[in-house]
Amino acid sequence: MNNNAIYSTLSQKFLTHFGASHKYAAYAPGRVEVLGNHVDYNEGLVLSAAINFGTFFIASPRQDKTCRLVAGDIGEEVSFQIDNLLPQETATWSNYIIGVLDRLTKDTEPTHGFNAMFLGNIPLGAGLSSSAALEVCAGKALSAMYNITISNIELAKIAQAAEHRFAGVKCGLLDQISSIYGKENSLVMSDFRDLSIRNLPLGKDACFLMCNTNAAHALVDGAYNERREKCEEAAKFFADTLDHPVTALRDVSSSELNSHADKMEPTTLKRAAHVIGEIERVTKGHDLLLQSNLKEFGQLMFESHQSSMDNFENSCPELDIIVSVARKIPGILGARLSGGGFGGSAVILLHPRDVEHATQAIATDYEKQVGHPCDISVIKPSSGAHTII
Ligand code: GLA
């Protein structure tokens, strides 16, 4: 379903379910991570884009303090009181919204609850940040409804806090910032140290394919948090070792890493090598984009994936197959895993004229090697989150 169709289906479902139309609505897109893997929580630089798939959240205030939340796709409803916001043990999708609400209303005492429903077209578990999109569109609609003024950066932080506290993933700010700051035909260049964010035009000669491996991997959240801890350990090692201040791996260069490699615990060394290499690749990638040098930019994407395989160990056989298949297809400029890893999707950079033959070639080869198909979509860098009414 395209975005207009989703919004009208959702509006109709809301009307049928609650017996009256919604008064507030917001949209937030998913994101693709183009270069800069597991760099956000190391205060580094990342290139990403908001995508043309997203989620709508619509709501109306109620007279009483009850909040009724409905997941529009499955029709499941959760209800709670606005002055008693607690994580839910079942219908855990609701925690992304309850978590946002908890932070959003922490300095106010809302006098009323609401009816709300959401619906989107971001494939779940595909590494396209459907949860960040849900948090952000809920945050936009609910802050409008409660008349709470917050900046976009505050909203990103509130949404991140919802993931940390209510979903247990110690994620960085990448997903939320990309969803909020996306711009059509542009990448989002984020500096996670000072939180400065810029849009870089991508030009007409480039587009992306997302290849969802459909690979379900257990322990993803635990593995994510464990990677983060290793990065913090590495930063601490360099803070104690180097003679300049180190607060995060952002402060360490690859030559510093190489000169102290022999003193580091091998796994911590590999994790740090990935992050430091990624930050350097994003810096190079940014300059290459300004020169419209997509060919060399694509090579950095391949290098990024190789580092995920060798150093960060956050890839999986299915992602590796997509990337190695992509390397051999004429016209494909670059490919890598996108997002947390351990499954999910690979992102492929190519010229729009190569989309058709590349899609066919990847689909055929992937199915032959893996035994089940992958889902391939064309991704267009798109505008970020916004309120509708
Ligand atoms: C997930 C997290 C982000 C980021 C990426 C990896 O998407 O939510 O904060 O760390 O993984 O770059």
Side-chain angles (χ1 to χ4, degrees), residues 28-51 53 95-96 99-100 122-136 153 155-182 187-193 195 197 210 212 217 219-232 235 248-250 271-272 274-279 281-282 285 300-301 304-305 307-309 311-316 319 336-347:
R31 67 96 190 91
V32 55
E33 177 197 282
V34 178
L35 200 57
N37 185 244
H38 283 258
V39 155
D40 56 352
Y41 57 79
N42 290 295
E43 299 187 15
L45 306 164
V46 185
L47 283 161
S48 62
I51 61 174
F53 295 89
N95 288 333
Y96 296 110
V100 166
I122 307 173
L124 303 182
L128 298 175
S129 295
S130 54
S131 61
L134 177 57
E135 291 147 14
V136 170
I153 281 289
L155 173 58
K157 289 182 179 170
I158 281 173
Q160 179 196 32
E163 296 268 353
H164 285 205
R165 197 173 144 225
F166 281 69
V169 186
K170 292 260 177 228
C171 65
L173 275 169
L174 171 69
D175 307 344
Q176 294 77 9
I177 281 189
S178 312
S179 174
I180 294 172
Y181 289 91
L187 297 189
V188 182
M189 169 88 177
S190 312
D191 181 330
F192 288 95
R193 169 147 282 171
L195 294 183
I197 296 149
M210 283 310 283
N212 180 2
H217 285 262
L219 298 174
V220 170
D221 297 351
Y224 182 95
N225 293 347
E226 186 271 330
R227 293 300 185 279
R228 186 171 179 152
E229 278 162 28
K230 279 282 173 207
C231 292
E232 282 158 8
L249 284 178
R250 168 73 177 274
R271 305 303 186 244
H274 179 66
V275 171
I276 294 167
E278 283 295 276
I279 297 173
R281 277 185 280 278
V282 174
L300 295 175
M301 294 174 70
S304 165
H305 188 79
S307 173
S308 273
M309 289 170 72
N311 294 324
F312 217 64
E313 296 172 284
N314 64 331
S315 187
C316 66
L319 286 167
R336 61 185 286 278
L337 69 82
S338 172
F342 313 103
S345 295
V347 55

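Given the structure is predicted, the values throughout are model-derived calculations rather than measurements. In listed order, ligands and their atoms are each counted from 1.
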Quick one: do Glu229 and Lys170 satisfy salt bridge (Lys or Arg N to Asp or Glu O under 4.0 Å)? Show the steps, please.
-> CA-CA 10 Å; Glu229 278 162 28; Lys170 292 260 177 228; over 6 Å; no
Structural part of Glu163 in contact with ligand 1, heavy atom criterion under 4.0 angstrom | neither
Short list, please: which atoms of ligand 1 are under 4.0 Å from a heavy atom of [X]?
{"X": "Asn37", "answer": "12 (O)"}
{"X": "Cys171", "answer": "2 (C), 8 (O), 9 (O)"}
{"X": "Gly340", "answer": "1 (C), 5 (C), 6 (C), 7 (O), 11 (O)"}
{"X": "Gly172", "answer": "9 (O)"}

How far is [atom] from its nearest protein heavy atom, and which residue and atom name does that atom have?
{"atom": "atom 7 (O) of ligand 1", "answer": "Arg31 NH2, 2.8 Å"}
{"atom": "atom 5 (C) of ligand 1", "answer": "Glu33 OE1, 3.7 Å"}
{"atom": "atom 9 (O) of ligand 1", "answer": "Asp40 OD2, 2.5 Å"}
{"atom": "atom 8 (O) of ligand 1", "answer": "Asp175 OD2, 2.5 Å"}
{"atom": "atom 10 (O) of ligand 1", "answer": "Tyr224 OH, 2.6 Å"}

N-O pairing of Asp191 and Arg250 below 4.0 Å = yes
Electrostatic pair Glu232-Arg228, nearest N-O below 4.0 angstrom | yes
Take Glu278 and Ser307 through the side-chain hydrogen bond (donor to acceptor under 3.5 Å, both in side chains) test and state the conclusion after the steps.
-> CA-CA 8 Å; Glu278 283 295 276; Ser307 173; 5.1 Å; no
Considering residues at least two apart in sequence or located in another chain, which fulfil the ring-ring contact (aromatic ring centres under 6.0 Å, His included) criterion with Phe312?
-> His38, His274
Examine His38 against ligand 1 and note whether any of their N/O atoms are separated by less than 3.5 Å.
-> yes
Check step by step if salt bridge (Lys or Arg N to Asp or Glu O under 4.0 Å) holds for Glu33 and Arg336.
-> CA-CA 9 Å; Glu33 177 197 282; Arg336 61 185 286 278; 2.7 Å; yes
Show your working on side-chain hydrogen bond (donor to acceptor under 3.5 Å, both in side chains) between Arg31 and Ser129 and close with a plain yes or no.
-> CA-CA 6 Å; Arg31 67 96 190 91; Ser129 295; 3.2 Å; yes
Pair Ser308-Asn314, side-chain donor/acceptor within less than 3.5 Å = yes
